[in-house]
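Just so it is clear: chains get the letters A, B, ... in the order the sequence lines come, proteins before strands, and each one is counted from 1.
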Protein chains: 2
Amino acid sequence: MNKPVNQAEFQTPVVTTGPLPASTKVYTHPAADPTLSVPHRSIALHPSANEPDVKVYDTSGPYSDASVTIDVEKGLPRPRTDWIVERGGVEFYEGRDVKPEDNGGATGRFLAREFPVRNTPLRGVGDAPVTQYEFAKLGIITKEMIYVAERENLGRQQAVEGAQDRVDGGESFGADIPAFVTPEFVRSEIARGRAVIPCNINHGELEPQIIGRNFLVKINANIGNSAVASSVEEEVEKMVWATRWGADNVMDLSTGRNIHNTREWILRNAPCPIGTVPIYQALEKVNGVAEDLTWEIYRDTLIEQCEQGVDYFTIHAGVRLAYIHLTANRVCGIVSRGGSIMAKWMLARHEESFLYTKFPEICDIMRRYDVTFSLGDGLRPGAVADANDRAQFAELETLGELTKVAWEKGCQVMIEGPGHVPMHKIKVNMDKQLKECHEAPFYTLGPLTTDIAPGYDHITSGIGAAMIGWFGTSMLCYVTPKEHLGLPDRDDVKVGVITYKLAAHAADLAKGHPAAQLRDDALSRARFEFRWEDQFNLSLDPETARDYHDQTLPKDAHKTAHFCSMCGPKFCSMEITREVREYAANLSDNEKATLYPAEAEKGMDEMSEKFKELGGKLYLETE
Amino acid sequence: MNKPVNQAEFQTPVVTTGPLPASTKVYTHPAADPTLSVPHRSIALHPSANEPDVKVYDTSGPYSDASVTIDVEKGLPRPRTDWIVERGGVEFYEGRDVKPEDNGGATGRFLAREFPVRNTPLRGVGDAPVTQYEFAKLGIITKEMIYVAERENLGRQQAVEGAQDRVDGGESFGADIPAFVTPEFVRSEIARGRAVIPCNINHGELEPQIIGRNFLVKINANIGNSAVASSVEEEVEKMVWATRWGADNVMDLSTGRNIHNTREWILRNAPCPIGTVPIYQALEKVNGVAEDLTWEIYRDTLIEQCEQGVDYFTIHAGVRLAYIHLTANRVCGIVSRGGSIMAKWMLARHEESFLYTKFPEICDIMRRYDVTFSLGDGLRPGAVADANDRAQFAELETLGELTKVAWEKGCQVMIEGPGHVPMHKIKVNMDKQLKECHEAPFYTLGPLTTDIAPGYDHITSGIGAAMIGWFGTSMLCYVTPKEHLGLPDRDDVKVGVITYKLAAHAADLAKGHPAAQLRDDALSRARFEFRWEDQFNLSLDPETARDYHDQTLPKDAHKTAHFCSMCGPKFCSMEITREVREYAANLSDNEKATLYPAEAEKGMDEMSEKFKELGGKLYLETE
């Protein structure tokens, strides 16, 4: 099933570079550490707007910086390695040799080319603090903490200054969102376990980012080849492409052969955190026979990936032997790949999962590299019929216990969540997760709010994602239109990312993030003033917005027209509203007072009289 | 700007006909009136499923009945005319002549061809009951009520029979959803004003349908040409196309020339209720100069459209002179076309809106034909910044007063709602509407939950639509991907309809409609059992689901494969789950009791001991 990879034919991955329309990469330097350069995207508006550029959160890395030359064969620069070495407690070491089974035994023309550069891995030494959690508990503010605070603060000064015009606190359901994000606030949230910065010490290319309920809602895009489709080149571009459109995190879910080499190409070119599910690769190492998996093979796989720089691991340690039979009467059984692999292993051996029994050892390994736990929901519902059942919640309770173990070991933790959940059952998931998992960040897949729309599951799940993001989920794992049907291609990745970006933003707005509405308002002003170019440029997907507009009004002149093809020139309501403003501007205070509410009430009284004359029974209660 | 319409070139509209995949049109005959034939769609499953066909609510009319020959030049049969004549209180009369201004003065090659058949219009006589509201108040159950009850009851018997397996009441926020919908329940809901059946007595082609909080959530698709794009042929096909994919209602929002003739072609071929905004046509009659509008021109337009058979009118009678200045400081002012036209008229004349002052006369006209009010929200917010402001709510309060007037006059009423509303402000819209408008059905556009994603506003609004549908909105007006950017084409209409269909269904599930989950469960079982064909056929859009699957696994053999390209053959979790079922089936009750919860707890105790040995500080509260 694996595609042959001819070394001669192996192409350097071609990735998408260059700024988005009207955008410039700008860097700011936090007061707490001016040596840091924190990237943002600055969108220029038409001069007629007489408004400052709109700065937006930027996940796209150096690829969108017109001044940077990208060389995928070399990978991105690794400035973060200096931060880590500088603060000490780590050592360079030889690291593990790449073994044939790391690439599923692929050889010859089936083996994807190795990444050309080999970096010596770092690991923690002894009991010295390595993880962000450990530093936070010790009261130490790291460069990563300063960096993410700067990213999160974007626009807040402007929002605070404009607050006299428009104050709206949102409804945060008990979250504790500050007006400004200080490095100390970041530290305290990490120390409480309420936030994580996934940042393996071997991922020097990383632009750190924070995931937690009191920060902006983040999104994750899944990429990865499967045994029947896709190549290394495609996957590297998918990662770059996903971050270009707003993916905060990317999970490489590759299966099949060449997993090691594919991942190395991705990591060395990734400005965002990369997550994996190590059991997938471990299973390839035993030729897909779940019952042949061993703790030793799994442990070796963890170390392999820790050394490469993977930032978070999905580990389905909550799928216990005792819970498996609880799924037997489900409509869709166990739909998590990791969950079903471990279930098969446990059933074949009638033995507790090694992910559970060896959990402390797993913590010890991950701590040395600061790999964040993403405790997997192996028993998540795969149909709305199975939502919130005993199997799902039994596992969630176990994940809560494991969270405390991992914290005790010094690790960062987030918790994965469902899945398929009808709307009225979403909030209880959030509330139960907060309670059982002690406010560790929740990271949910959707949830899909109905099962009847394959082909549109980015939307069935975008509904659930926006809601659970509002309720308190810290990161939303995207779903593409191809969910349940096939491996997403580049276009699907983009649609999935944009859909989840808008869902996350809707959640930020509803939670009352101080600066969230600045972009909405800038875009709405552009819309109102017929600044079509600004409307396109401020949107999450400027290319599609422009393309849709041009399908009916392609001429350049239409970009300044005071109408669009929906209504045509005579009917434009926005044009008419301009006249309203003139009228209102000329009203005296006295006239305003007369008009409203007094006149309105007077009008109703008159009308009431009139109807009484007509029917005599006005305002009687109807049956 | 109008396209020339060469009579010789005028084509008979080509509409899409034939059944959807694996589907058959079936008709049932209500016990209360077996002469009625109520259509449903029956989806056949693969024999291996060993399950009955799945019946789904069918909005597609005769077009999807393989046994019906469609002739767009003749229009659909008009069986409903007999029902109306039979119950009396109506008269045929000559009706109004079509005037040149009805088609915007289009002549010669600019005039679209008239529909070939002319029907003599009906109107109510004297005080005899005409509207469903009047019959309901008199305790009379009409054929329309029996018909809609039969449609709504679909699957409820099956759901009740299966309730021992799966009972879930949902959360209906105070709605009163019965296990079975009886004609008497329909009557009582209409009499209370909580539901409407939009059904002009001159729309004999109609398959009636009910809109109300205690019934399935309905959706509306907007079509209509504008002055710069589209033709009669395209619009007729858009109507057929929209209902094929699930639109319960269609609004013809045409502007520009040929409005009368376009509408006639649509109505004579429409199995669904058709709504309009009469002020659009009235404005064309005065060449687009709002201040030239008069009550007489508007009244004549109402009668013109009543005679044609339009089922509901959007009337922005709540936009009062006193409220206009409240919009002056908005980010997006007045975005409703109807609202802005009337605002312009009022400002130019400094006079109260004739839609408000003449409201009783409007009621008298609409009652004679049983045209349902859709009281328009002319001051709805056009940006999240403007949501729930005083202008919006002042109008809503006035709509509540007008609702009572219209009921008193014997008319059916629904209320239009926003618009652009961030998630945390949605529910207050619903609650306030229920209170102010005395539970008259709410009919909302979206709402859009953020402004930053033009090109994806079907999704930004689908999120809000699913939520407000759950909270109690009776009908959701779709938004297409082209919203704010251009006139939707056929593909956009389909995407908009499917998106809103899934949002409405998500709402039905969450509200706890008794039979709503049957389709989800049937599809999920098909998914679990790798019945790919059934999975496609049960989905809202079988064509897209199949197409997405075939992009990576095009072979027929893959339609029975126990995997897809997302995971490949070795990793399929559903396959593994089959083994879990075997295992669970072989567990004794004693083993089950041992496994859970006892064993789980035992495990945790052991682990707890282990960690205590390791660290001695396990389960301490973190900071």
Side-chain angles (χ1 to χ4, degrees), chain A residues 171 191 226-229 288 322 325 328 331-334 337 340 344 347 383-385 422-424 449-455 463 466 482 485-487 502 505-506 509-510 519-521 523-524 528 539-540 544-545 548-549 552 565 568 570-571 573 576-577 581 583-584 595-596 599-600 623, chain B residues 171 191 226-229 288 322 325 328 331-334 337 340 344 347 383-385 422-424 449-455 463 466 482 485-487 502 505-506 509-510 519-521 523-524 528 539-540 544-545 548-549 552 565 568 570-571 573 576-577 581 583-584 595-596 599-600 623:
Chain A
E171 163 57 62
S226 76
V228 295
H325 77 96
V331 167
C332 271
I334 300 175
R337 285 193 270 179
S340 59
K344 190 168 183 179
L347 292 186
V384 295
M423 281 192 287
H424 64 297
T449 52
T450 166
D451 302 337
I452 68 168
I463 293 167
K482 289 273 173 63
L485 299 169
L487 195 70
L502 73 85
H505 184 75
L509 279 180
R519 188 173 182 176
D520 295 79
D521 292 352
L523 192 144
S524 290
F528 185 70
S539 72
L540 287 178
T544 297
Y548 284 178
H549 177 269
T552 43
S565 70
K570 274 192 297 197
F571 272 85
S573 57
I576 293 171
T577 301
R581 292 205 174 166
Y583 162 78
L595 275 170
Y596 183 84
E599 182 169 321
E623 132 174 8
Chain B
E171 164 57 62
S226 76
V228 295
H325 76 96
V331 168
C332 270
I334 300 175
R337 284 193 270 177
S340 60
K344 191 167 181 179
L347 293 186
V384 295
M423 283 192 285
H424 64 297
T449 53
T450 166
D451 303 336
I452 68 169
I463 293 166
K482 290 273 173 63
L485 299 169
L487 195 70
L502 72 85
H505 184 76
L509 279 180
R519 188 173 183 176
D520 294 79
D521 292 352
L523 193 146
S524 290
F528 185 69
S539 70
L540 287 178
T544 297
Y548 283 177
H549 178 269
T552 44
S565 69
K570 276 192 296 198
F571 272 84
S573 56
I576 292 171
T577 301
R581 291 206 174 166
Y583 162 77
L595 276 170
Y596 183 83
E599 181 168 323
E623 138 177 0

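With chain B as partner, the option from A:Thr544, A:Ile452, A:Thr449, A:Thr450 having the largest number of non-hydrogen pairs under 4.5 angstrom is A:Ile452. Note: B:Pro454 leads B:Gly333, B:Ala453, B:Ala466, B:Pro454 in heavy-atom pairs under 4.5 Å with chain A. Of the listed residues (B:Val384, B:Leu502, B:Leu509), the greatest number of heavy-atom pairs within a distance under 4.5 Å of chain A belongs to B:Leu502.
Smallest separation of non-hydrogen atoms from B:Cys332 and A:Ser524: SG-O, 3.4 Å. Taking all atoms of both residues into account, the shortest heavy-atom contact from B:Leu485 to A:Tyr548 is CD1-CB, 3.8 Å. When all heavy atoms of B:Asp451 and A:Leu523 are compared, the pair lying nearest together is O-CD2, 3.2 Å. When all heavy atoms of A:His424 and B:Ala510 are compared, the pair lying nearest together is ND1-CA, 3.3 Å.
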